[in-house]
Trainee: 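Let me begin by handing over the structure; questions about it come next.
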Amino acid sequence: MNFQMIPMRVLGDDRGSLVAVEAEKDVPFAIARVYYIFGTREGVERGFHAHKILQQLAVAVRGSCTMLLDDGKEKVEIKLDAPDKGMYIGPGIWREMKDFTEDCVLLVFADQHYDEADYLRKYEDFLAFLQTAKQ
Ligand code: T46
């Protein structure tokens, strides 16, 4: 499946910790956009889409949430629960996010500007996209 857990290098000393994220070094792409998701209410699920070309790296810098990834053949569920646990998600992966803790801040680096046309928001469109991509 086109995803990978990427450990973020923690620079720490007796004052605390720091993670630096440099494009094309700590994330495997040039960063075009950064956004963060926070204040997600209890029980809320997000995502339910895939991207045609977008690459992203997500890190729960505070709190935790669970990411379900699906490539049309298999599904994996991974808990993002530490600021040094990066999740790279390539194109063509359906994602669902759930179990957000109240304090969760999910930071996401992306290689493209926001483009609604890149979203596959219906599962059947996602499966059709995978078929077309295979040909
Ligand atoms: C993803 C997961 C992990 C913008 O205007 N600009 C942006 O850069 C983003 C990310 C969103 N938006 C708008 C689009 C919607 O009206 O913000 C609203 C909420 O976005 P969405 O419903 O897509 O949020 P999530 O949490 O379901 O998905 C987001 C990202 O959109 C998506 O790319 O992979 O987080």
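All ligand and atom numbering here is 1-based and tracks the order in the structure.
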Trainee: Does atom 11 (C) of ligand 1 have any protein heavy atom closer than 4.0 Å?
Mentor: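 Yes, at least one protein heavy atom sits under 4.0 Å from atom 11 (C) of ligand 1.
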Trainee: Could you identify the single nearest non-hydrogen protein atom to atom 8 (O) of ligand 1 and state the distance to 0.1 Å?
Mentor: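 Here the nearest protein heavy atom works out to Arg33 NH1, 2.5 Å.
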Trainee: Among all protein heavy atoms, pick the one closest to atom 30 (C) of ligand 1 and tell me residue, atom and distance.
Mentor: Tyr35 OH, 3.2 Å
Trainee: Tell me, which protein residue and heavy-atom name are nearest atom 32 (C) of ligand 1, and how many Å apart are they?
Mentor: His49 NE2, 3.0 Å
Trainee: What verdict does the salt bridge (Lys or Arg N to Asp or Glu O under 4.0 Å) test give for Asp81 and Lys85, after you've listed the backbone C-alpha separation in whole Å, the side-chain angles of each residue and the deciding distance to 0.1 Å?
Mentor: CA-CA 7 Å; Asp81 56 0; Lys85 214 170 168 179; 2.9 Å; yes
Trainee: For ligand 1, note which part of Ile89 has a heavy atom under 4.0 Å away: side chain, backbone, both or neither.
Mentor: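 Under 4.0 Å from ligand 1, Ile89 contributes no heavy atoms.
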Trainee: How about Phe126 and Phe129: are their ring centroids closer than 6.0 Å?
Mentor: no
Trainee: Heavy atoms only: which of Tyr114, Tyr119, Phe100 lies closest to atom 4 (C) of ligand 1?
Mentor: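 When every heavy atom of Tyr114, Tyr119, Phe100 is considered, Tyr114 comes closest to atom 4 (C) of ligand 1.
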Trainee: Could Arg121 and Glu116 be called an ion pair, given the rule that one side-chain N must be under 4.0 Å from one carboxylate O?
Mentor: yes
Trainee: Ignoring hydrogens, what is the shortest heavy-atom contact between Val44 and Phe100? Give both atom names and the distance.
Mentor: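 Closest pair (atom of Val44, atom of Phe100, distance): O-CD1, 3.9 Å.
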Trainee: Students should be able to answer this: which protein heavy-atom is nearest to atom 24 (O) of ligand 1, and at what distance?
Mentor: Arg46 NH2, 3.5 Å
Trainee: Give me the nearest non-hydrogen protein atom to atom 22 (O) of ligand 1 as residue plus atom name, then the distance to 0.1 Å.
Mentor: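 The answer is Arg121 NH1, 3.9 Å.
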Trainee: Please work out whether any backbone atom (N, CA, C, O) or any side-chain heavy atom from C-beta onward of Glu116 is under 4.0 Å from ligand 1, and answer side chain, backbone, both or neither.
Mentor: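 Within the 4.0 Å criterion, Glu116 makes no contact with ligand 1.
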Trainee: Any chance the rings of Tyr36 and Phe109 have centres within less than 6.0 Å?
Mentor: no
Trainee: Does any N or O of ligand 1 fall below 3.5 Å from an N or O anywhere on Met97, backbone included?
Mentor: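 Checking ligand 1 against Met97, no N or O pair falls under 3.5 Å apart.
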Trainee: State the atoms of ligand 1, each with its element, that fall below the 4.0 Å cut-off from a heavy-atom position in Ile37.
Mentor: 26 (O), 35 (O)
Trainee: Does His51 have a heavy atom less than 4.0 Å from any atom of ligand 1?
Mentor: yes
Trainee: Would you confirm whether any non-hydrogen atom of the protein falls under 4.0 Å from atom 17 (O) of ligand 1?
Mentor: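 No.
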Trainee: Mind checking whether Ile31 and Gln56 have side chains closer than 4.5 Å, heavy atoms only?
Mentor: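 Answer no - side chains too far apart.
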Trainee: Determine, stepwise, if the pair Glu77 / Lys98 fulfils salt bridge (Lys or Arg N to Asp or Glu O under 4.0 Å).
Mentor: CA-CA 10 Å; Glu77 253 191 37; Lys98 59 182 178 180; 2.8 Å; yes
Trainee: Within a strict 4.5 Å, meaning less than it, do heavy atoms of the Tyr35 and Arg33 side chains meet?
Mentor: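 Touching, per the 4.5 Å side-chain cut-off.
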Trainee: Which part of Met67 is near ligand 1, with near meaning a heavy atom under 4.0 Å away: side chain, backbone, both or neither?
Mentor: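 It is neither part, as no heavy atom is under 4.0 Å.
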Trainee: Quick one: look up the protein heavy atom nearest atom 27 (O) of ligand 1 and list residue, atom name and how far away it is.
Mentor: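 Sorting protein heavy atoms by distance from atom 27 (O) of ligand 1 puts Gly47 N, 2.8 Å first.
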Trainee: Treating Asp118 as the side-chain partner and Ile53 as the backbone partner, does any N or O pair qualify as donor plus acceptor under 3.5 Å?
Mentor: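 Side chain of Asp118 to backbone of Ile53: a pair is present.
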Trainee: Can you tell me how the ring of Tyr88 sits relative to the ring of Phe29, calling it parallel under 30°, perpendicular over 60° and tilted otherwise?
Mentor: tilted
